[in-house]
Amino acid sequence: MAPGEPVVITATDVAGSRFVSGTGPAPDPGRQAAVVAQAESTLPMVVQSLYGQRLTSVELRSGAAGDRFFALTDDRGRDLTLRLDAVPLPSGTVARTHVNTTSDQHVVQLSDRMDPRQVGRALSHELGELIGVRDRATRAAAGDPEVVGIAPNRVDLLTRGGLGGTERRLSLTEEDLGRVGELNYLAGRMNDATLDATQRAESRGELSALVDHLGLRPQAPADSDRHAPELQAADIRRDIIDPHLSPAAAGALRELAVPVEQLSAADVVELREFRSRAEHARPLGESVRTAQVLPGLRPDGSRLPREELAAAAAQAADQRTRTGAATLNQLRAEIAATGEWPTRQVVVGGGASLVGRDPEALLVDARGRWHLDPGQGIVQSPDQTRDMRASGMGDAHQFADPTSRVPRDAVRLWEDQLAVRGPVVDGTAALVPGQDGRLYAHIRPADGSPDLYVKVEGTPTVATGLPPEMVPGVDRRDAVDVPEALDAVRGQLPAGSPAHARLAGEVSAERALQALREEGVLDGLRADGGARAALQTLDATAQWERARADAPGRVFIGDEIAEGRFDARAAAAEGAPKTWLVAGAGGTGVANAELILEADPEARVTIYGPNLPPALENQVQFTALRERFVSEYGGDGRLTIDIHPDNRVGAVQMSLGADGRPRFREGRVEADAYVASLGRTAPMPEALRGLSEGTRAGGGQVRGDLMFDRDRQYLGYGVTFEAGGRQHRVEVTGAASQLLPRDVFPRDTQAALTAMAVRQVPSQSGNAAPGFAPVAEQAARLAEARGRGTVERHASVPESWGRPAVAGATAPGGPAGPGNPVANAARLQSGRRSTTPGGATPGALPGGGATGPVPRTPRPPRPTR
């Protein structure tokens, strides 16, 4: 193989449940369109031929936004939808399905590296898995005692080797059901008389290889001690899958699922070639986290019962507190012994990103978000987060039924157990450069003990979560927060002028406007128009500041509600606000409404905005919230959702009512209290704010790059701070990495990143890229790429993420003709070797990215012995 040639492994090389798409350069621009077009033409054939008894109709439709999807009906008369896309997927995954048993809207993503002719086999697997997940959710909803309160079996039956005894209950996993779908598909091709002899032989070879891979025949020689137990295990597996096999597959297994000594000479040659290739195949991409015991399990790997969750979460929190205290004691002991600040690798922030934490690194985390949120839990169900455990995070089905919400205590348990896998300090940290050229972490412990510093070793990681929410009425395009507004206004003023000087440093919006007024330049700036956006933001923020000062406990940013920073008991007290206006109909606004309604049984809430994000209809929380509180859905009527395209939220409007109490108005809605949930600003993370400002003040540069692995999976962004002949690099991952600092990255880069996020984590999944499960997966991939040295720095999002797949294009080979649907699909999918065109990775920075120097700033104080 020539240097730089992409590695491509096809179905006949590794006959796992999902034939492998290899690493290498991105495919040519037409590959995604070809894969989607082939999938659209093939799906009805696969449904009718393999799953016709379970899915009684299938129809390709176009949505209002022009998106294409299949409308299906199952054997119970329930409707569901299925969307198809071709996207960059991790090596080792040819397809994956986002199963949403809450909304019954599902998405199959196919690897854009795959040969379009292999689409049928991939769909046969994904549909089998989808049906298995839906069946389990249906049984749970019906109260089936074999499902309710019991996590699904995670030990695949269809795998090589023996069964390891009979102490465990043998049953098919959802993955196993997908593998059975592949067996049925390949058997249909193998026996299709409309295919030529070569195509049928290729299908027979693939099926034989899959039989071998799934443990349906013994691999050990007949004279080996392992032969008898492997033969017995193969017989048991065949007995268990037999009810799920098509007649063609059952007949094919009787012929092929036998010891190698009983195969025909041609089958033996084919099988030996497969085994030889499999022995030398590159290992599949697999998270480095999966080698450890998952959080939520006991040390011996057994499951923690649901009834013990609360106690286990409390115990884990206590263990984290004790580990944090011990870490601080150790750091201070080193300082006392050496008179120097200790040196450590540093990670700032946690959340779901903890799944990728380096156990050698010092973690500084304030236990935010889900440790503060007073709600029931995250807004997804175990079914919507079913693949999360593969990242090394916990198994959500362990603590909740398929369509219930993943409980808050489970999230806290997982995070706390991951946090103590290495040194941890409960608190916050800011990264600051010292005069010695080193980067320091200024740590503020949450227990109130004295601050301390550590010298940062290597590249620090920041995972501090989503940035702050915006104030209502600000200019969303050019000056979304006060720092941006002040920068813009200073740009309109003569350098060195008194007004310019008075806007330096941290200045509130009210004080900034007052300074401009006193210096006699405010009216001129308003008339000129060059500072229009900045002044709009300053005016709106000043109005917000006044409302908060004049109506304490009645004006909130959404995160303050979501993190429990409002007094629920006070809200329920006499004289407290009883009507609430939530401005903004996104996920945070919905969560805010739920928390207020649960905190005060007398409260009434109106959610106000122009539209509902598509993801809400697919989440567990929103659908349950409507059923509990919205009268049109059978609720008690305490929640009103006022959505109309003309609804626009401006600066907060407060007045005093006849009773002398504050009143807030937006459109037709008037309320006692106001919550702003209008979206996020995009500043530099707080932990890097001082470093960024100091770098620029010293005449340096702050430059950013996007991090991807070789499979084009987004890992976060990097920031390089250069000044004074020194440089420091910091990497940002997790939810924080989805909103790029506006003063570092161009707007079109953020737009491309957002487009990528929507395709990577479709709204039909009930998730979003900054959500808990996607962040856990991202963190695990970052850890894996770092360990392998395969992190790539890009100037922009790879083109294949920004370009939606073109549906409806002509598939290779032309339309399928009459006859057996699976056979016709197979006719288009009969190739044995898949290739990936070469070429450079789009947007890659030459030399792996640039680095450079950091400003001279005050030295951190010397430690006291």
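Any value given below was found using the heavy atoms of this structure, including those in side chains, with hydrogens, waters and symmetry copies removed.
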Worksheet item: Just checking, any donor-acceptor pair under 3.5 angstrom between side chains of Arg786 and Thr461?
Response: yes

Item to complete: State, with a plain yes or no, whether a side-chain heavy atom of Arg793 is found less than 4.5 Å away from one of Arg729.
Response: yes

Discussion item. Whether the Glu598 and Gln376 side chains hold a donor-acceptor pair (N or O, under 3.5 Å, no angle test) is what I'd like checked.
Written reply: yes

Discussion item. What I want to find out is whether Asp365 reaches Arg320 closely enough, with some N-O distance under 4.0 Å, to be called a salt bridge.
Written reply: yes

Item to complete: Check whether any side-chain N or O of Ser391 sits under 3.5 Å from a backbone N or O of Ala780 as a donor-acceptor pair, and report yes or no.
Response: no

Fill in: Sub-4.5 Å side-chain heavy-atom contact between Ser508 and Glu545
yes

Worksheet entry | Beyond-backbone contact of Arg344 with Lys455, side-chain heavy atoms, under 4.5 angstrom | no

Practice prompt. Assess the side chains of Arg367 and Thr321: does a donor N or O sit below 3.5 Å from an acceptor N or O?
Written response: yes

Discussion item. Quick check on side-chain contact (heavy atoms from CB on, under 4.5 Å): which of Val775, Val462, Val347 does Ser353 satisfy it with?
Written reply: Val775

Practice prompt. Fit a plane to each ring of His442 and Tyr453, take the angle between them on a 0 to 90° scale, and name the class: parallel (under 30°), tilted (30 to 60°) or perpendicular (over 60°).
Written response: parallel

Discussion item. Taking Leu688's backbone N and O only, do any of them form a donor-acceptor pair with Ser692's side chain (distance below 3.5 Å, no angle check)?
Written reply: no

Worksheet item: Do Pro407 and Leu309 have side-chain heavy atoms sitting under 4.5 Å apart?
Response: yes

Worksheet item: Is there a donor-acceptor pair closer than 3.5 Å between any side-chain N or O of Glu484 and the backbone N or O of Val480?
Response: yes

Worksheet entry | N/O donor-acceptor pair under 3.5 Å between Arg405 side chain and Gly377 backbone | yes

Discussion item. Checking Phe772 against Val411 for the side chain to side chain contact (heavy atoms under 4.5 Å, CB included) test, could you report, in this order, the C-alpha distance in whole Å, the side-chain angles of both residues, the deciding distance, and whether it holds?
Written reply: CA-CA 9 Å; Phe772 192 82; Val411 177; 3.5 Å; yes

Fill in: Check: Glu518/Gln514 side-chain N/O donor and acceptor closer than 3.5 Å
yes

Worksheet item: Just checking, any donor-acceptor pair under 3.5 angstrom between side chains of Thr338 and Glu334?
Response: no

Worksheet entry | Approximate separation, where rounding is to 0.5 Å, of Ser449 OG and Arg444 CZ | 12.5 Å

Worksheet item: Do Asn592 side-chain atoms and Thr588 backbone N/O form a donor-acceptor pair below 3.5 Å?
Response: yes

Practice prompt. Please confirm whether the backbone N or O of Gly734 pairs with a side-chain atom of Gln778, one donor and one acceptor, at under 3.5 Å?
Written response: yes

Worksheet item: Under 4.0 Å between a Lys/Arg side-chain N and an Asp/Glu carboxylate O for Asp478 and Arg747?
Response: yes

Fill in: Ion pair Arg680/Asp559, N-O distance below 4.0 Å
yes

Worksheet item: If we only count heavy atoms from C-beta on, is the Leu715 to Asp709 side-chain gap below 4.5 Å?
Response: yes

Practice prompt. May I ask you to decide if Leu503's main-chain N or O and Arg490's side chain share a donor-acceptor pair within less than 3.5 Å?
Written response: yes

Worksheet, complete the sentence: For Trp544 and Val471, the nearest pair of non-hydrogen atoms, with its separation, is CB-CG1, 3.5 Å

Worksheet entry | Salt-bridge criterion met for Glu308 and Arg298 (N-O under 4.0 Å) | yes

Fill in: Within-4.5 Å side-chain heavy-atom neighbours: Val702 and Arg696
yes

Worksheet item: Would you say the side-chain atoms of Gln543 pair up with the backbone N or O of Val652, donor to acceptor, closer than 3.5 Å?
Response: yes

Worksheet item: Ile596 versus Val675: any side-chain heavy-atom pair under 4.5 Å?
Response: yes

Discussion item. Can you tell me how far apart CG (Asp318) and CG (Asp416) are? Round to the nearest 0.5 Å.
Written reply: 10.0 Å

Worksheet item: Looking only at atom types and distance, does a side-chain atom of Arg357 sit under 3.5 Å from a main-chain N or O of Ala419, one as donor and one as acceptor?
Response: yes

Item to complete: Check the angle between the aromatic planes of Phe708 and Tyr714 and answer parallel, tilted or perpendicular using the 30° and 60° thresholds.
Response: tilted

Worksheet item: To the nearest 0.5 Å, how far apart are CH2 in Trp414 and CG in Leu354?
Response: 13.0 Å

Fill in: Spacing of Asp436 atom CG and Leu439 atom CG [to the nearest 0.5 Å]
10.0 Å

Discussion item. Can you confirm whether Arg332 is buried at CZ, in the sense that more than 12 heavy atoms of other residues, nucleotides or ligands lie under 6.0 Å from that atom?
Written reply: yes

Worksheet item: With distance as the sole test, does Gln701 use its side chain to make a donor-acceptor pair with the main-chain N or O of Phe721 at under 3.5 Å?
Response: no

Practice prompt. Output the distance between atom CG (Leu782) and atom CD (Gln713), rounded to the nearest 0.5 Å.
Written response: 12.5 Å

Worksheet item: Can you check whether Leu513 reaches Arg517 side chain to side chain, under 4.5 Å on heavy atoms?
Response: yes

Worksheet item: Distance only, no hydrogens: is a donor on one side chain within 3.5 Å (strictly under) of an acceptor on the other, for Gln319 and Arg322?
Response: yes

Discussion item. Checking Arg548 against Arg546 for the side chain to side chain contact (heavy atoms under 4.5 Å, CB included) test, could you report, in this order, the C-alpha distance in whole Å, the side-chain angles of both residues, the deciding distance, and whether it holds?
Written reply: CA-CA 5 Å; Arg548 285 180 56 100; Arg546 288 192 293 271; over 6 Å; no

